[in-house]
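Note that ligands are numbered from 1 as they come in the structure, with each ligand's atoms numbered from 1 the same way. Because only heavy atoms are used, hydrogens play no part in the values below, and waters and symmetry mates are left out as well, while side chains stay in.
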Amino acid sequence: MKQKLVVFTGAGISAESGIKTFRDSGGLWEEFDINEVATPQAWEKNQALVLDFYNKRRKQVLEAQPNNAHTALVELEQKYDVQIITQNIDDLHERAGSKKVLHLHGEITKSRSSIDDSLIYRIKGEEIRLGDKCEKGSQLRPHIVWFGEMVPMMDVANIIAEKADIFIVVGTSMAVYPAAGLIDYSPDGIPKYLIDPSDVNVNGIANLKVIKEKASIGLPKLASELLK
Ligand code: OAD
């Protein structure tokens with residue numbers, strides 16, 4: 001049986017595809033106020049503004065292409081049972097060809113009913129507009145986990161992490177919980193790698209090898225080592 005390789009990704013893996021990260025200098029949360037666009041309160045206050053913010057994000061994602069880092073994770077499937085757990089709302093892992101991708105923070109290509117969480121739709125075209133409704137008649141919202149909301153896939157993700165034989169973290173500031181706590185669920189004794197060009201605060205993680213490089217450089221290198 002193949003070894004289970006769990007890969008936890010964040011905005012940094014898609015940075016070189018031209019999608020802005022959140023907390024780097026020039027990142028999205030410098031330009032936009034989280035409280036105005038990414039909370040249930042923001043949605044209550046100004047649906048048009050929230051829809052516009054995510055419509056712009058969606059347009060950027062649709063124009064972007066997967067990069068070397070996404071592709072390296074596909075190549076690892078030759079030898080490993082690769083499970084990606086991503087905080088990203090883009091679909092670049094899927095478009096690169098990765099088979100198992102779990103989205104913790106939702107998906108920009110989908111919309112959801114604002115009264116029934118189980119009604120999720122693939123968005124046709126680039127936008128959700130005011131007046132676009134679910135089959136129960138409520139305004140469609142982006143299928144995104146906002147600040148202050150539960151992370152419904154977290155328990156599933158933690159169970160996957162517990163079964164990892166190797167754990168790789170790529171391109172996340174590890175600033176947002178509960179997602180950032182995922183690595184704590186991985187077994188102590190297994191090899192762990194962190195790829196990020198900046199210093200990330202990961203104190204107290206055993207067997208962690210830090211690769212201080214951009215994802216498009218660091219991940220293909222690590223992949224070729226792991227494929228030997
Ligand atoms: P952040 O913007 O917080 O962190 C991005 C990380 O990527 C930083 O550690 C950067 O150093 C790193 N980085 C930048 N360029 C890179 C590159 N070329 N290669 C590799 N790494 C690079 O993004 P996340 O940690 O993903 O949530 O943010 C977590 C969550 O906060 C997001 O899922 C989003 C956001 O608010 C929601 O939207 C719910």
Side-chain angles (χ1 to χ4, degrees), residues 7-43 50-51 53-58 60-61 64-73 84-93 96 101-112 117 141-154 157 168-183 193-203 205 208-223:
V7 189
F8 178 52
T9 65
I13 196 167
S14 297
E16 291 162 89
S17 294
I19 299 174
K20 279 189 177 180
T21 63
F22 298 94
R23 294 174 186 79
D24 287 304
S25 127
L28 281 172
W29 296 150
E30 243 176 45
E31 193 180 337
F32 298 93
D33 181 347
I34 289 179
N35 298 307
E36 298 292 328
V37 296
T39 63
Q41 293 75 16
W43 179 246
V50 173
L51 288 176
F53 174 74
Y54 287 103
N55 285 342
K56 286 189 177 129
R57 307 280 73 75
R58 189 173 308 104
Q60 262 187 11
V61 166
Q65 298 301 327
N67 65 54
N68 282 347
H70 299 101
T71 311
L73 294 179
I84 296 171
I85 300 172
T86 188
Q87 298 167 90
N88 297 345
I89 58 176
D90 67 54
D91 60 351
L92 296 184
H93 286 303
V101 185
L102 183 97
H103 287 269
L104 284 180
H105 292 160
E107 293 170 78
I108 191 73
T109 52
K110 294 181 180 169
S111 63
R112 187 166 89 221
D117 288 348
R141 57 167 276 179
H143 180 44
I144 303 287
V145 176
W146 286 324
F147 287 90
E149 292 188 314
M150 298 282 288
V151 180
M153 299 313 283
M154 202 63 230
I168 303 176
V169 179
V170 191
T172 170
S173 61
M174 301 283 256
V176 174
Y177 282 83
L182 184 71
I183 193 167
Y193 302 89
L194 182 141
I195 301 173
D196 199 296
S198 307
D199 291 320
V200 178
N201 187 5
V202 275
N203 291 331
I205 309 266
L208 182 72
K209 185 174 176 202
V210 177
I211 301 167
K212 212 175 160 183
E213 278 182 301
K214 288 186 170 182
S216 70
I217 306 286
L219 203 44
K221 266 197 223 165
L222 176 60

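At a threshold of 4.0 Å, the pair Lys212-Asp199 counts as salt-bridged, since one of the basic side-chain nitrogens sits closer than that to a carboxylate oxygen.
For the ring-ring contact (aromatic ring centres under 6.0 Å, His included) test, residues two or more places apart in sequence or in another chain that qualify with His70 are His93. Partners of Phe32 under the ring-ring contact (aromatic ring centres under 6.0 Å, His included) rule, at least two apart in sequence or in another chain, are Phe53.
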Output, or 'none' if empty, a list of ligand 1-protein atom pairs in which both atoms are N or O and the distance is under 3.5 Å, rounded to 0.1 Å.
unit_1: ligand 1; atom_1: 2 (O); unit_2: Phe22; atom_2: N; d: 2.7
unit_1: ligand 1; atom_1: 2 (O); unit_2: Arg23; atom_2: N; d: 2.7
unit_1: ligand 1; atom_1: 3 (O); unit_2: Arg23; atom_2: NH1; d: 2.8
unit_1: ligand 1; atom_1: 3 (O); unit_2: Ser173; atom_2: OG; d: 2.5
unit_1: ligand 1; atom_1: 4 (O); unit_2: Ser173; atom_2: N; d: 3.3
unit_1: ligand 1; atom_1: 7 (O); unit_2: Gly171; atom_2: O; d: 3.3
unit_1: ligand 1; atom_1: 9 (O); unit_2: Asp196; atom_2: OD1; d: 3.4
unit_1: ligand 1; atom_1: 9 (O); unit_2: Asp196; atom_2: OD2; d: 2.8
unit_1: ligand 1; atom_1: 11 (O); unit_2: Asp196; atom_2: OD1; d: 2.6
unit_1: ligand 1; atom_1: 11 (O); unit_2: Ser198; atom_2: OG; d: 3.0
unit_1: ligand 1; atom_1: 18 (N); unit_2: Glu16; atom_2: OE2; d: 2.9
unit_1: ligand 1; atom_1: 19 (N); unit_2: Gly12; atom_2: O; d: 3.3
unit_1: ligand 1; atom_1: 19 (N); unit_2: Ala215; atom_2: N; d: 2.8
unit_1: ligand 1; atom_1: 25 (O); unit_2: Thr172; atom_2: OG1; d: 2.7
unit_1: ligand 1; atom_1: 25 (O); unit_2: Ser173; atom_2: N; d: 3.0
unit_1: ligand 1; atom_1: 25 (O); unit_2: Ser173; atom_2: OG; d: 3.4
unit_1: ligand 1; atom_1: 26 (O); unit_2: Ala11; atom_2: N; d: 2.8
unit_1: ligand 1; atom_1: 27 (O); unit_2: His105; atom_2: ND1; d: 3.4
unit_1: ligand 1; atom_1: 28 (O); unit_2: Arg23; atom_2: NH1; d: 3.1
unit_1: ligand 1; atom_1: 31 (O); unit_2: Arg23; atom_2: NH1; d: 3.0
unit_1: ligand 1; atom_1: 31 (O); unit_2: Arg23; atom_2: NH2; d: 3.2
unit_1: ligand 1; atom_1: 33 (O); unit_2: Gln87; atom_2: O; d: 3.1
unit_1: ligand 1; atom_1: 33 (O); unit_2: His105; atom_2: ND1; d: 2.7
unit_1: ligand 1; atom_1: 36 (O); unit_2: Arg23; atom_2: NH2; d: 3.4
unit_1: ligand 1; atom_1: 36 (O); unit_2: Trp29; atom_2: NE1; d: 2.9

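Sequence neighbours left out, the pairs with a member in residues 26-37 that pass salt bridge (Lys or Arg N to Asp or Glu O under 4.0 Å) are Lys20-Glu31, Glu36-Lys45.
If you take CD1 on Ile211 and CG on Asp196, they are separated by 11.0 Å, rounding to the nearest 0.5 Å.
The shortest distance between side-chain heavy atoms of Val176 and Phe22 does not fall below 4.5 Å.
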